[in-house]
Protein chains: 2
Amino acid sequence: MSPTLEPAQVASPPESAPTRGRGRPRSAAAHQAILDAAIDILAESGIEALTVEGIASRAGVGKTTIYRRWPNKELLLVEAVSNIVTADEPLPDNGSIREDLIAIAQVIRERYTRGPLGRILPALLSAQLRRPEFAQIVREHVIEPRRALVLGIVQRAVDRGELRADLDPELVFDMVTAPLFYRSVVLGRTPPEESLAAMVDMVLDSCRA
Amino acid sequence: MSPTLEPAQVASPPESAPTRGRGRPRSAAAHQAILDAAIDILAESGIEALTVEGIASRAGVGKTTIYRRWPNKELLLVEAVSNIVTADEPLPDNGSIREDLIAIAQVIRERYTRGPLGRILPALLSAQLRRPEFAQIVREHVIEPRRALVLGIVQRAVDRGELRADLDPELVFDMVTAPLFYRSVVLGRTPPEESLAAMVDMVLDSCRA
DNA sequence: CCGAAACGCAACGTTATCGTTTCGATGGGT
DNA sequence: ACCCATCGAAACGATAACGTTGCGTTTCGG
């Protein structure tokens, strides 16, 4: 069922023949408006309220335009989420592990409390038990980038002799990021500036060379 | 609409007149089976799959029996969740802050990974942004009991002179419980025994007198 | 033992969402 | 200038869940 006539490729970006279109090209603005509307509804009203008709209405788009691009709601959501969480941060380098970790903590705090990420994360976590594609998105776009950042600056601090060489980088990563997640997403509070330094200091106290 | 005729009290337990019934009493077994079925479905298939008909079917109960007790799905879920997360733990007392914190960490780890709590928590977090009643359940039944435990043993350790008197108990609480939540629920892994001690030790390193 | 209330079951009408289809209009390619 | 695919809008049938009602049965209390 659902013959998907001929085109309806899986994803959106032109796959093999980007210049082969002869008629009216698909509107990139509509594409982005659809993804944005999906994220907005998910963040504001939860996954129960996320309907195709609601997305179309909010994006100022016909349902046809959505179904021409994605075969179902789930794949649309996968692309919408992937689209929002891809924001690569540069590796901070202040010459001190303490300053670097605080900088990263500020970035993470910002991402959880400013944009929609903090509000949609619980829904993604709840879905990832049953949907491997969502688990991969969370891993690939949320966890891994931060892990790379923290592990990078920890390694640099070890090389400088600032930190013990035998400490567990994974443990440092979890101890720095978990309380941020907990306070921002679980408790729904924005951790104040000073608390970031306090958390970092507590972790560092047992890591110094 | 939905006049709620006369009874249909808000909650389930007999409120004012427990002995006023004249006909057949409501089945306590059915009541519990309904709550259990709701939790099971929520943990296994997510909040999207949580339907009244599904709950009735799984509980071996007619829909009528459900609607006679709760006016709608949300209030049923509120009671089901409150029902599952009420398990008071005794305050551990091993004479050492380290042993006590590890004991608490083991209890928390158990609750997240053994029962359904870890699987339904993301759904509750997602809902608590829009439903104050769920926010209160999470606060009252999940966060507060653990906070009381940790704050209690920290205070005792301070009194013993084992820990610095000027440390922030809230920070200790967050630093101990957040990584457990993160690894169990977010990453979906069961933290191994040794990692609990490592996490506790990292926190304690900056707290000792 | 009699009656009242709760029980499981099945069917009901209502509403909402899905995914599809049709329609006339639009606008970028060639 | 002419295509022609895409556009937004609207309606479609199908499916599913909601919440209600009636029915015959079961189970207690008085």
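Lettering follows sequence order; numbering is per chain, from 1.
Between the CH2 atom of B/W70 and the P atom of D/dG19 there is a distance of 14 Å, rounded to whole Å. Rounded to whole Å, the distance from CD1 on B/I55 to C1' on C/dG8 is 17 Å. B/L75 has its CG atom 11 Å from the P atom of D/dG19, to the nearest Å. Spacing between atom CG of B/L76 and atom P of D/dG19 amounts to 11 Å, rounded to whole angstrom units. Atom-to-atom, CG of B/N72 to P of D/dC18 comes out at 11 Å; the value is rounded to the nearest Å. Going from atom CG of B/L77 over to atom P of D/dC18 covers 12 Å, rounded to whole Å. Atoms CD (A/E48) and P (D/dC18) sit 11 Å apart, rounded to a whole Å. For the pair B/I66 CD1 and C/dC7 C1', the computed distance is 13 Å after rounding to whole Å.
If you check D/dA17, C/dG8, C/dC7 against the side chain of B/E53, the one that comes closest is D/dA17. Counting only heavy atoms from C-beta on, B/K73 has its side chain closest to D/dA17 among D/dT6, C/dT21, D/dA17. For A/Y67, whose side chain is taken as the heavy atoms from C-beta onward, the closest listed nucleotide among D/dG8, D/dC18, C/dG19 is C/dG19. Taking every side-chain heavy atom of A/R69 into account, D/dC7 is the closest of D/dC18, D/dC7, C/dC18.
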Could you list, one pair per line, each protein nitrogen or oxygen that sits under 3.5 Å from a nitrogen or oxygen of nucleotides 25-28 of chain C, together with the distance?
residue : atom : partner : partner atom : Å
C/dT26  : O2   : A/R24   : NH1          : 2.7

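The phosphate of C/dG8 has OP1 or OP2 within less than 4.0 Å of a side-chain N or O from B/T65. Close to D/dC7, at under 4.0 Å from its OP1 or OP2, lies a side-chain N or O of A/R68. Considering only side-chain N and O atoms, B/K63 lies nowhere under 4.0 angstrom from the phosphate OP1 or OP2 of D/dG19.
Of the residues in residues 32-42 of chain A, none lies under 4.0 Å from DNA chain C by heavy-atom distance.
For the pair A/R146 and A/F181, the cation-pi test (distance below 6.0 Å, angle within 45°) is failed.
In this structure, B/P90 has no side-chain contact (heavy atoms from CB on, under 4.5 Å) partners at least two apart in sequence or on a different chain.
Remark: B/S195 OG to A/D168 CG distance equals 9.5 Å, nearest 0.5 Å. In this structure, CD1 in B/I39 is found 11.5 Å from CD in B/E44, a value given to the nearest 0.5 Å. Interatomic distance, A/I143 CD1 to A/I137 CD1, rounded to the nearest 0.5 Å: 12.5 Å.
More than 12 heavy atoms of other shown residues, nucleotides or ligands fall within 6.0 angstrom of atom CZ in A/R130.
In the interface, the side chain of A/T64 is paired with the base of D/dA9 through a donor and an acceptor atom under 3.5 Å apart.
B/P191 is listed as a side-chain neighbour of B/L196, based on a closest heavy-atom distance under 4.5 Å. Between B/V154 and B/F173 the shortest side-chain heavy-atom distance does not fall below 4.5 Å. Side chains of B/R68 and B/R26 form a contact here, defined as non-hydrogen atoms less than 4.5 Å apart.
Between B/A59 and A/L50, it is B/A59 whose nearest contact on DNA chain C lies nearer the 5' terminus.
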Tell me, with the steps shown, if B/M199 and B/L180 meet side chain to side chain contact (heavy atoms under 4.5 Å, CB included).
CA-CA 9 Å; B/M199 293 191 301; B/L180 287 173; 3.5 Å; yes
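Heavy atoms of B/G60 sit under 4.0 angstrom from primed sugar atoms or phosphate atoms, though from no base atom.
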